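Quick notes on the structure that follows.
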Amino acid sequence: MVLEATMICIDNSEWTRNGDYSPSRFQAQADAVNLICGAKTQSNPENTVGVLTMAGKGVQVLVTPTSDLGKILACMHGLEVGGEMNLAAGIQVAQLALKHRQNKKQQQRIIVFAGSPANHEKKLLEMIGRKLKKNSVALDIVNFGEEDEGKTEKLEALLTAVNNNDTSHIVSVPRGPNALSDALISTPIFTGDGEGGSGFAAAAAAAAGGVSGFDFGVDPNLDPELALALRVSMEEERARQEAAAKKAAEEASKQEKGGEQSSSQDATMTERAGTVTSEADNKATDLMDGENALLQQALAMSMDDPATNHDVRDTDMSDAAAEDPELALALQLSAQDSTKDSAGQSDMSKLLADQSFVSSILASLPGVDPNDPSVKDLLASMQSQSEPQQKNEDKAPNDEEKK
Amino acid sequence: MACLHDHSCEEHDCSSDWSLYKHIDLTKVSALNEATTGSVKSVFKAWEQRLNSSGDFLESNEGDPELLVFIPFTSDVKIKGISIVGGADGTSPSKMRAFINRDGIDFSDAQSMQAVQEWELVENIQGVLEYQTRYSKFQSVANITLHFPENFGGDTTQIHYIGFKGEATQLKRDVVATIVYELTPNPSDHKTKAEGGGGLSHVGK
């Protein structure tokens, strides 16, 4: 619960366009900044946070220290990437901004994101560090991006010059699958100096690690609506899957039949399922890879409009026997494919690659003769996208069948 | 403007004069450029203990002799004189500048601002030197900031004791910290006598 005024120095130089931290260095930084602001404000409501950019046209203060999170989040929008980072000027301007904070009782802290090479002399950085120490300003450095020896050495020298009683820290985040913000959560930058972590940091760390008491990795306290929506869609999906599995088991033998409507609906549905699962994938990666695939399905289902149509169809299954088995099979196939692998593309290609399925659809379409050369060409081109050998084998017996 | 005591220093006489340390708000005392955070609190003690620095004293960072000490009082005081006991071997401060009733001064402010009063200090190991103030300027002091820009050549600056001579008034210069404003009145907060059944309206019970 330290009363603190923090200035965050963001690196928005050209180097941060690099995608080695997903989605890009700059975006990863922005996420980390949001998390830090939240953590600081939660640990003490009177804490203030300000933001400035170090590159671009020059050092620019976006927000002076404020406890209004909305202002900080708003200013992070529409930031342009470009120019070269000016570390020395950035730190000095941050110090000036902190000097003019409204509440003089707050401790001063600067957090620097260094994502590009440091162009300053080591001596200059040490001098700046000593000046910060003299004015009792703490400094946290997040070293990411370029990993040359000189840069790390200079930053470490800066840290030793500033460090007073371990109030300043340096964190090096190497490239890797973990997001920048996740790597920072467990560091003293988030948890404060020896306080053992605020509630926010602990919850965020738990959610990120996937080892939480919370379902779906979302803290019900942080985001109750999302947690509720996920739970509801999970239950809906479970119910739908049960119904679909039952129908498919009964009427699997009738997969050759199928109405015109259902087939075209299937096509659109599978397409959408493909795109939706890829959206779900982005969400899933956000929620960490450890999340179960059922969650992805739930998200997919809850976002899918045609899915509501399927609900209606599922309930009417007993009536229209001819149409629905096709549908049920398609549903089941797409569901199974989502569980097997997360790539949306392969879902679609697998469905298309299921030769019997495709030909059955075509057979059910009036006015389309599978023996028509153009149809055969189309089929051939589709198959060439997926595994050719297997499809050719399938195609041969099917052609015979059609004839 | 240093002056020596012109009488043989009987302990209790002098110590009662230098009793302003009791009015210092020790929790809010702070210093800039101190090597150990919090060591500044040890320099405010009774007169008789001024030479007794049992290990705890205020020292600046290596290679940087500047020190800035912020001292708030619990009530407004009038300061007649200041006494400083420095360290040996050139670690005593050589200059002192004072700022009154200003919050949050840092080194760049201190260097650019005009001080209320400045003194040239002498090495004062025995602690018998008193530096007089221009009393008219030090009439209602809620807090004082002492800036020591130089020392006598040592690597660091050490201060073992800071004493204030003067008198304390009972006036407080508190900034009103918390005010609660009512947007709409809450009737339960405003019971009148009639409702409370006070006065002469007791009947029965």
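Every chain is numbered from 1 and lettered A, B, ... according to where its sequence line falls, protein lines coming before strand lines. All values derive from a computational prediction rather than experimental measurement.
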Do other residues, nucleotides or ligands put more than 12 heavy atoms under 6.0 Å from A/D68 CG?
yes

A/E46 atom CD, neighbour heavy-atom count above 12 within 6.0 Å:
no

More than 12 non-hydrogen atoms from neighbouring residues, nucleotides or ligands closer than 6.0 Å to CD on B/Q111, yes or no?
yes

Contacts with chain A made by residues 35-44 of chain B (heavy-atom distance under 4.5 Å), listed by residue number:
B/A35, B/T37

Knowing that exactly one of B/D106, B/L68, B/N33, B/L67 qualifies, which makes a side-chain contact (heavy atoms from CB on, under 4.5 Å) with A/K134?
B/N33

Where on A/N135 is there a heavy atom nearer than 4.5 Å to chain B: the side chain, the backbone, both, or neither?
both

Determine whether more than 12 heavy atoms belonging to other residues, nucleotides or ligands lie under 6.0 Å from atom CD of B/Q139.
yes

So for atom NZ, which belongs to B/K80, do other residues, nucleotides or ligands contribute more than 12 heavy atoms lying within a distance under 6.0 Å?
no

What is the distance from atom NZ of A/K133 to atom CG of B/L32, rounded to the nearest 0.5 Å?
13.0 Å

Sort A/K131 into side chain, backbone, both or neither according to what part of it lies under 4.5 angstrom from a heavy atom of chain B.
neither

Looking only at heavy atoms, which two atoms of A/K104 and B/G104 are closest? And how far apart?
CD-CA, 4.3 Å

So for atom NZ, which belongs to A/K71, do other residues, nucleotides or ligands contribute more than 12 heavy atoms lying within a distance under 6.0 Å?
no

Would you say CD of A/E14 has more than 12 non-hydrogen atoms from neighbouring residues, nucleotides or ligands within 6.0 angstrom?
yes

